Each structure stands twice: as C-alpha cells, then as structure tokens.
Amino acid sequence: NGSVLYNFTGADGAYPLAELLLDSRGNLYGTAPGAALGGAVYGTVFKLTPALPTITTLASSPNPSNYGQSVTFAAMVTSVSGPPPDGATVTFMKGKTVLGTGMLSGGSATFTTTTLKVGTTSVAAVYGGDANLDGSKSKTLKQLVNKAGK
C-alpha cells in the first residue's frame, strides 16, 4: 500500500529515480533529475520524513462511579520518538459525540465531567496527530455509572 507524498513540478526536479535510501529513522532520500538549462541539468536531492505512529491509551477514575460524581478520563499518547508536543489536543468521544477535550502535557491529557447518565457510557480518546506524528485512537473504555447511593 503506497501513497503519493510529493509531486515534483519539473522546476524542482522530475522523474524521481527508483533508487531510494531508507535510514534507520524511516527517512527516505533520493534524487529527481530536472530540465536542462543552458547546457546544465538541474534537479533535486530530497528527503521525505514520514510521520511516526502513535499509541493512545485511556483510563478513567473512579470506574464505576455514581450519578453526578466527577469522573476523570486520562489519555496517554506515546510514540517511538517520545510524547507529542505539549499543548496538542486530545478529544474524548462518545461515539461521534465530543464529550470534551484536554491539552497534552508530557504525553497525558485529562477531561473531567459530572454529566454522565446512569448506565454504561463507551468513551474513546482521539489524538489528531501533527506533521511529525500520526494520529491515533484509544480502545473504547466502558464507564459504568450507578444510581446515586448504590
């Protein structure tokens, strides 16, 4: 499975050569010869840095909880290069409904709510990614909310 990462316009090189170099960090290096101008051939040497995969995990506390009680959802986002930058957003979702968001600090983000209905609520945490890291979604967590006093 492949995807186009960059289209050369001719001015910046054309017809990338099939020989690519892959380094241990996943960077691709190659060349794309360009057009002949004034007897010289101009082209490009390029480096493509693919986004690294991330893993998002989710926990809640307390679980189970009572109706009206504060429940804190905590997401952790990791990658082989470490956590995403501080300030990136994690979205806490119930299906397609946004429950809330949290800002990452040291790879973790939290969201606290007191508005969960009695019963089981399925929640997932979603990290959207950035130029260097792919987004990821946690496994669904089931939060059990009991009637007050149970």
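In this text the structure is predicted, and so the values were computed from the model without any measurement. What's counted below: heavy atoms across the whole structure, side chains too, no hydrogens, waters or symmetry copies. Note that the numbering runs from 1 along the sequence shown for the chain.
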Measure the shortest side-chain to side-chain distance between Val126 and Thr56 over non-hydrogen atoms and say whether it is less than 4.5 angstrom.
-> no
Whether Ser138 side chain and Ala125 backbone form a donor-acceptor pair below 3.5 Å | yes
Cut-off 3.5 Å, side chains only: do Thr54 and Ser79 have a donor facing an acceptor?
-> no
Is there side-chain contact between Leu99 and Val123, with heavy atoms separated by less than 4.5 Å?
-> yes
Which atom names give the shortest non-hydrogen contact between Ser60 and Val71, and what distance separates them?
-> CB-CG1, 4.3 Å
State, with a plain yes or no, whether a side-chain heavy atom of Asp134 is found less than 4.5 Å away from one of Tyr127.
-> no
Fit a plane to each ring of Phe92 and Phe111, take the angle between them on a 0 to 90° scale, and name the class: parallel (under 30°), tilted (30 to 60°) or perpendicular (over 60°).
-> parallel
Short question: side chain of Asn146, backbone of Val118 - any donor-acceptor pair under 3.5 Å?
-> no
Interatomic spacing from CZ in Phe73 to CG in Leu141 - rounded to 0.5 Å | 6.5 Å
Does atom CG of Leu144 have more than 12 heavy-atom neighbours from other groups under 6.0 Å away?
-> yes
Would you say Leu58 and Leu116 are hydrophobically clustered, going by side-chain heavy atoms of ILVMFWY under 4.5 Å?
-> yes
Classify the side-chain pair Ser65/Gln143 by whether it contains a donor and acceptor separated by less than 3.5 Å.
-> yes
Can you see which heavy atom on Asn66 is nearest to which on Ala148, and at what distance?
-> CB-CA, 4.4 Å
Counting distance only, does the side-chain N/O of Asn132 pair as donor-acceptor with the main-chain N or O of Leu52 below 3.5 Å?
-> no
Answer with yes or no whether the hydrophobic clustering places Leu104 together with Leu133; edges join I, L, V, M, F, W, Y residues whose side-chain heavy atoms lie under 4.5 Å apart.
-> yes
Nearest atoms (heavy-atom pairs only) where Lys94 meets Thr121 = CD-CG2, 3.8 Å
Do you know the tightest heavy-atom contact between Ala109 and Met103?
-> CB-O, 3.6 Å
Spacing of CD belonging to Gln69 relative to OG1 belonging to Thr113, to within rounding of 0.5 Å = 12.0 Å
Considering all heavy atoms, the nearest Lys142-Thr120 contact = CB-CG2, 3.7 Å
If you look at every heavy atom in Ser122 and Thr140, which pair is closest and at what distance?
-> CB-CG2, 3.4 Å
